[in-house]
Protein chains: 2
Amino acid sequence: LGGTSLLAVVTDQRGEVLGVEEERTLVEKGNPEPIIRQVASVVRRVCKKAKLKVADLEAVGIGAAGAVDPKTGIVHLAPNLGWTDVPLGHELEKALKVDVFIDNDVTVAMVGEHEQGAAKRAQSAIAIWVGTGIGGGLVLKGKLHRGGRGCAGEIGHTVMVFDGPLCGCGRRGCVEALASRTAMERDVRAAIEAGQQSVVTEIMEETGKTRMTSSVIEKALAANDAVVVEVLNKAQRILGSLVANLVNTLDPEVVVIGGGLAERLEDRFVGPIRETAYQEFIQKNACEKVRIVASKLGDRAGAVGAAFVAMSRS
Amino acid sequence: LGGTSLLAVVTDQRGEVLGVEEERTLVEKGNPEPIIRQVASVVRRVCKKAKLKVADLEAVGIGAAGAVDPKTGIVHLAPNLGWTDVPLGHELEKALKVDVFIDNDVTVAMVGEHEQGAAKRAQSAIAIWVGTGIGGGLVLKGKLHRGGRGCAGEIGHTVMVFDGPLCGCGRRGCVEALASRTAMERDVRAAIEAGQQSVVTEIMEETGKTRMTSSVIEKALAANDAVVVEVLNKAQRILGSLVANLVNTLDPEVVVIGGGLAERLEDRFVGPIRETAYQEFIQKNACEKVRIVASKLGDRAGAVGAAFVAMSRS
C-alpha cells in the first residue's frame, strides 16, 4: 500500500504468485476510509482472479509506507497517505473477516527479497528502497531484524551531511533529504530556476506529470539531460557512501537496492552506487563478496514479502 | 593489547577475574618481536598471580587494535603497533603451548560488556570505543555479530561529513576523523595555533605528555578551558548523531560508550551524546528504552571479553 499505487498478490505457502491486482491509490487527505474500502475491494478481486474466496486465505499481510506498529496494526504516521494513527489492521479485519497483519513497506520488501529475490538464503542482508523517501530493512542471522522497540530499518534517516538540507523528520542532512527522488526533484528544480537548461519541465508537461517520477528521469537520461545526469550522479555518490557506511558497520552478504529508479534503470542506477561503495569499504578484502544489486522482485517485492510475513505471523 | 598498554586477566569459566596484570606496551616500529615476547611474559605472570600454570589455561584470548583475522590469528594492520601481517596467534601458541584466539579489541570489549557489563542479557547492543581511533562491536539476536566476511563493527569509518577532514583510511569525513581523541587533539592544536588561549600545552608540559590524553582533557575541563570545552562539545554532537544513525538503523536495546574518555569522564562524556541522540531518533516512541551508557567494565572490558571469546572458540 503506497501513496501512488496499491499492488496485491495471492500466493501459496511457498510464495508462488496465484493472482495479481494493481491500481492507483485513492488518496484523500485526512480521510482514510476510501483507501481502506479500496484495499478490501482489491483483496476480494485478487482472490477472485486466483479462483479463491477471501475466507480461503490463511491471512492478509500489508506493507504500508510510514511508521506502523506491527503489534497493533496501527499506521501511526504515513505522510504519503495523509494518515496519522489509522487502525488499518482492525478496520480490514472487520471488513474481510480474516487475520490482517500490518508492517512497514520496506520491511516486507526485505522479506520478499530474502524469501524469493536477490537476498535468497543470505544470513545477513540490507534493503534500501529509494523513492519519494528512503526506507530500509534488515535481515540478520538469517531472520528479519526488527530491533528492541520494533522500529529498526530507518536507514533513510542517517545523517550524512552534518547541517545539510532539512529533512521531513526535522533533522538536517539525512540521506532521504539528499538522495531520495524528492531530493533529486528539488535539486533539478533549483538548477532550472538558477537558469540551467533541462528537458525535465518539457517531459513533465508532455506526459502530464506533476512530479519528477522515475519515468521522467528515465526519459531525461535518454535525452542526455546534463542537469538530471549531474543530480543523479550526486545522489548515487551519497547512496554509495551510505552503502559503504552500512557495510563497514554490518558487513552483510548482500545489499538490495529497490524502488522505482532501481526498477527502471537497473544497473544504470545501481552500478555507480556499487562502485562508490567498493571504493569506500574500510576492509577491501573480498569486497566483491558483498553483493550490491537491484531488487529482483521489483514492485512485487513488498506484496510477496507481506504474504510471507502474514504466513509467519498467523 | 593496545598501542599504549597491555592488560591481562585470568578468569574462571563464569568470567570471574582471578588475577590482573598491566604494563606499557613495548612498541618498536616495524619489529613485532618485543611485543610478542612481552605478551607471553605477561600471560605467565598473570597465571602466577592467580596461582595457576599456563598449562592449566583452557585457552588464551587476545583483543588487538586493528584489522585482524580471527580465523588465522593474523593481525593484518595495526597502525598503533606499527604492524602489518603479524601471525600473532601462531607465534604465541609456539611460545605458550596453549590455544590462542585473536580478535579485534572492540569486538572483545563488546563481548565483555555483553557477558558481564552494561549490555548484560541484551538481545541487541552496540559498542562504540572512542580513543586514538573509534572502534565498534555489535551483538544481534543475543550473539556477537561478525558479518559475512568477518569484519563487521567498523563504526568509526562511517562518513558523517561529506567531503570532511581526511581520515587515516583515505576517506573524508569519517566519524574517526571528526570525534576520536586524535581528531580532538588536532582541533585543539589548530585553535591554539589560531591564537586561542588554552591550558592544554601547559598541562602537557607539566605532566610530560606528548599527546592530548584523556587525563590531559580531564585536567583542562577542570580548569574550564574554553577551547577543550568547545572541541569536546563538537565531538559529542557528532557522536550523538552517530548513535542516532545507528539506532535509527538497528534499534538496539543498549549502546555502550567506552574508551579512555568514557572511563574518566563517565556521564560528563556520555550524557551530552545521549541527549543529542534522543533528540535525533526518528522514532521517538519509548526512546528512553534505548539505554546509552558508559562502559561498566572500563579498561577490563576487552580482557574479560577476550577470555569469553577464547572459551567459546576453544
Side-chain angles (χ1 to χ4, degrees), chain A residues 67 69 76-77 122-126 136 138 140-143 145-164 167 169-171 173-176 178 237-238 241-242 244-254 279-283 285-287 289-291, chain B residues 67 69 76-77 122-126 136 138 140-143 145-164 167 169-171 173-176 178 237-238 241-242 244-254 279-283 285-287 289-291:
Chain A
D69 184 337
H76 285 300
L77 189 68
Q123 280 298 300
S124 51
I126 300 173
L138 300 155
L140 296 165
K141 305 206 187 280
K143 290 196 171 156
H145 175 75
R146 291 188 181 275
R149 295 173 298 155
C151 59
E154 292 285 1
I155 289 170
H157 299 286
T158 301
V159 170
M160 290 196 59
V161 174
F162 217 69
D163 290 328
C167 183
C169 77
R171 295 169 89 190
C174 291
V175 73
E176 178 163 305
L178 298 165
R237 275 209 315 283
I238 297 271
S241 262
L242 171 73
N245 284 351
L246 289 165
V247 171
N248 288 343
T249 298
L250 288 167
D251 190 24
E253 289 166 35
V254 53
Q279 279 164 21
E280 298 197 356
F281 282 9
I282 177 74
Q283 298 232 21
N285 65 308
C287 75
K289 265 183 77 178
V290 182
R291 293 188 300 120
Chain B
D69 185 338
H76 285 299
L77 189 69
Q123 280 298 301
S124 51
I126 300 172
L138 300 155
L140 296 166
K141 305 206 189 280
K143 287 192 174 159
H145 176 76
R146 291 189 180 274
R149 297 173 297 155
C151 58
E154 291 285 2
I155 289 170
H157 300 285
T158 301
V159 169
M160 290 196 59
V161 174
F162 217 70
D163 291 327
C167 182
C169 75
R171 294 170 89 193
C174 290
V175 72
E176 178 162 304
L178 298 166
R237 274 208 315 282
I238 297 271
S241 263
L242 171 73
N245 285 351
L246 290 165
V247 171
N248 288 343
T249 298
L250 289 167
D251 190 24
E253 289 165 37
V254 53
Q279 279 164 22
E280 298 196 357
F281 282 10
I282 176 75
Q283 298 232 22
N285 64 308
C287 75
K289 266 183 78 180
V290 182
R291 292 187 301 119

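Just so it is clear, the structure is predicted and the values come from calculations on it, not from any experiment. Order of the sequence lines fixes the chain letters, A, B, ..., with proteins taken first and strands second; residue numbering starts at 1 for each chain.
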Query raised in the report: With a 4.5 Å limit on heavy-atom distance, are the side chains of A:L246 and B:T249 in contact?
Result: yes
Query - Side-chain heavy-atom pair A:L250, B:L250 within 4.5 angstrom cut-off - result: yes
**Report entry** A:D251 and its side chain to side chain donor-acceptor pair (under 3.5 Å) partner, picked from B:H145, B:R146, B:R149
**Finding:** B:R149
Query - Proximity breakdown for A:E280 and chain B, heavy-atom pairs closer than 4.5 Å - result: both
Query - Side-chain donor or acceptor of A:N245 paired with backbone N/O of B:V159 under 3.5 Å - result: yes
Query raised in the report: Between B:E176 and A:I282, is any pair of side-chain heavy atoms under 4.5 Å apart?
Result: no
Report summary line: Most contact-rich option vs chain A, by heavy-atom pairs under 4.5 angstrom, among B:S241, B:G164, B:C169, B:P252, is B:S241
Query raised in the report: Contact part of B:Q123 toward chain A, heavy-atom cut-off under 4.5 Å: side chain, backbone, both or neither?
Result: neither
Query raised in the report: chain A: which of B:H157, B:M160, B:R171, B:K141 shares the most heavy-atom pairs with it under 4.5 Å?
Result: B:R171
Requested in this report: Write down the atom of B:G148, the atom of A:E253, and the distance for their closest heavy-atom approach.
Outcome: CA-CG, 4.3 Å
Query - Residue among B:L178, B:V247, B:I238 with most heavy-atom pairs under 4.5 Å to chain A - result: B:I238
Query raised in the report: With chain A, which of B:I155, B:L138, B:L242, B:L140 has the greatest number of heavy-atom pairs at distances under 4.5 Å?
Result: B:L140
Query raised in the report: Is chain B contacted by the side chain of A:D163, its backbone, both, or neither, given a heavy-atom distance below 4.5 Å?
Result: neither
Report summary line: Counting heavy-atom pairs under 4.5 Å with chain A, the top scorer among B:S124, B:C287, B:G153 is B:G153
